[in-house]
Amino acid sequence: MLGIIILAISIYLDGFLTLFLPYLPGGLSIFTPMLTIVSIFIIYPLYRKQEKKYFTILFIVGIIYDLLYTNLLFYDSIIFMFLGLIIRKIYKDFTVEHIKLSIHIIILIGVYELLFSFFIIVFNLVPLTITKVAYKITHSILLNIIYGELLYTIISKLPNKYKKISIN
């Protein structure tokens, strides 16, 4: 339940922050929100023993994210499932701590943006350059790392009765 609440808040914050922060190339913001992607990484330990439920939640969140923000039905569902596989691999092979958390978030945001850009290029939806992709990745790092560190700290401080498995 805690994971679903975190995802709902993140989806809402993604939309709310994009209303106030410029995120297009040439904008002055270094705060492009991608909080839902950060959240699906942070909540994985809450579902470590229930991976089928975790991937089901990712699929549903992807559909909701598509309907609200991208208008590409099932696109984010598939990408979130793919990111879920990467997240599972990260948690199984590496220790996730405060300092390493930033690196993992950067990797996930980079993978998401590269896959999104690949899709746009393949279907020739809008003109896209490597510079624009790099701009979006670099301008989304700061806010999302801050959010990830904050969320990680909050979840790790919660009593175990609110989470199924404690975070490292």
Side-chain angles (χ1 to χ4, degrees), residues 1-11 13-14 17 30-66 69-70 72 74-122 130 133-168:
M1 187 65 178
L2 179 61
I4 294 171
I5 293 169
I6 290 169
L7 287 169
I9 291 169
S10 297
I11 289 172
L13 284 174
D14 270 340
L17 291 175
I30 56 169
F31 300 110
T32 303
M34 300 185 80
L35 308 179
T36 306
I37 293 168
V38 173
S39 295
I40 65 174
F41 178 70
I42 299 295
I43 68 163
Y44 177 79
L46 302 174
Y47 297 98
R48 190 175 288 168
K49 302 280 186 198
Q50 304 168 339
E51 286 188 355
K52 185 176 180 181
K53 184 176 182 180
Y54 175 72
F55 284 102
T56 304
I57 290 170
L58 289 184
F59 187 78
I60 293 168
V61 167
I63 290 174
I64 293 168
Y65 198 84
D66 282 331
Y69 303 124
T70 62
L72 301 169
F74 297 114
Y75 172 75
D76 277 308
S77 297
I78 294 166
I79 296 299
F80 284 6
M81 299 280 282
F82 181 73
L83 289 176
L85 293 172
I86 293 171
I87 291 166
R88 181 176 64 184
K89 182 78 171 154
I90 288 171
Y91 272 98
K92 285 186 179 182
D93 294 345
F94 303 102
T95 57
V96 177
E97 301 166 338
H98 280 287
I99 295 173
K100 293 178 184 176
L101 182 67
S102 301
I103 296 167
H104 299 310
I105 289 172
I106 292 168
I107 291 169
L108 288 174
I109 289 172
V111 168
Y112 177 82
E113 286 298 333
L114 290 173
L115 289 172
F116 191 75
S117 301
F118 178 75
F119 180 78
I120 288 174
I121 290 169
V122 166
I130 294 173
V133 175
Y135 178 90
K136 190 153 185 217
I137 292 171
T138 57
H139 284 71
S140 63
I141 291 173
L142 184 61
L143 175 68
N144 294 300
I145 287 176
I146 292 169
Y147 182 73
E149 292 287 344
L150 190 69
L151 192 59
Y152 183 84
T153 302
I154 290 170
I155 291 175
S156 65
K157 300 291 182 194
L158 286 175
N160 283 338
K161 70 179 184 177
Y162 294 112
K163 50 190 177 179
K164 301 221 183 305
I165 297 170
S166 63
I167 295 179
N168 298 337

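Note that the structure is predicted; figures quoted are calculated from it, not measured. Note that the numbering runs from 1 along the sequence shown for the chain.
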* Atom CE in Met34, atom CD1 in Ile141: separation rounded to 0.5 Å? -> 10.5 Å

* Any side-chain heavy-atom pair of Asp66 and Ser77 under 4.5 Å -> yes

* Asked: Which atom names give the shortest non-hydrogen contact between Glu149 and Thr153, and what distance separates them?
  -> O-OG1, 2.8 Å

* For the pair Tyr54 (side chain) and Ile40 (backbone), establish whether a donor and an acceptor sit closer than 3.5 Å, ignoring hydrogens and angles. => yes

* Asked: When rounded to the nearest 0.5 angstrom, what is the spacing between CZ in Arg48 and NZ in Lys92?
  -> 9.0 Å

* **Closest approach of Val38 to Gly148 (non-hydrogen atoms, all atoms of both residues)** => CG1-CA, 3.4 Å

* Asked: Which distance, rounded to the nearest 0.5 Å, do you find between the CG of Leu35 and the CD1 of Ile6?
  -> 12.5 Å

* How many angstroms lie between atom CG of Leu150 and atom CD1 of Ile155, to the nearest 0.5 angstrom? -> 10.0 Å

* Derivation and outcome, side chain to side chain contact (heavy atoms under 4.5 Å, CB included), residues Phe41 and Leu101 -> CA-CA 9 Å; Phe41 178 70; Leu101 182 67; 3.2 Å; yes

* Rounded distance (nearest 0.5 Å) linking atom CD1 of Ile86 with atom NE2 of His104 -> 12.5 Å

* Asked: Is there side-chain contact between Phe119 and Ile79, with at least one heavy-atom pair below 4.5 Å?
  -> no

* To do: Please collect all salt bridge (charged side-chain N to carboxylate O under 4.0 Å, His left out) contacts where either partner lies in residues 79-89, sequence neighbours excluded, each pair once.
  => Glu51-Arg88, Lys89-Asp93

* In this structure, are over 12 heavy atoms from other groups packed under 6.0 Å from Tyr75 atom OH? -> yes

* Asked: So do Leu83 and Leu58 actually touch side chain to side chain, heavy atoms under 4.5 Å?
  -> no

* Asked: Any donor-acceptor pair under 3.5 Å linking the side chain of Ser10 with the backbone of Thr36?
  -> no

* Asked: Under 4.5 Å between any side-chain heavy atoms of Ile11 and Ile64, yes or no?
  -> yes

* So, does Tyr152 use its side chain to make a donor-acceptor pair with the main chain of Val96 at under 3.5 Å? -> yes

Validation: residues 105-118 side-chain donor-acceptor distances under 3.5 Å, sequence neighbours left out:
residue: Tyr112; atom: OH; partner: Asp76; partner atom: OD1; Å: 2.7
residue: Glu113; atom: OE2; partner: Lys136; partner atom: NZ; Å: 3.4
residue: Ser117; atom: OG; partner: Glu113; partner atom: O; Å: 2.8

* For ring pair (Phe, Tyr, Trp, His ring centres under 6.0 Å), just list the numbers for Tyr47 and Phe55, CA-CA rounded to whole Å, side-chain angles, deciding distance to a tenth of an Å, and then say yes or no. => CA-CA 9 Å; Tyr47 297 98; Phe55 284 102; over 10 Å; no

* Exam field: side chain Ser39 to backbone Leu7, donor-acceptor pair closer than 3.5 Å -> no

* Measure the spacing between CD1 of Ile4 and NZ of Lys53 and express it to the nearest 0.5 Å. => 6.0 Å

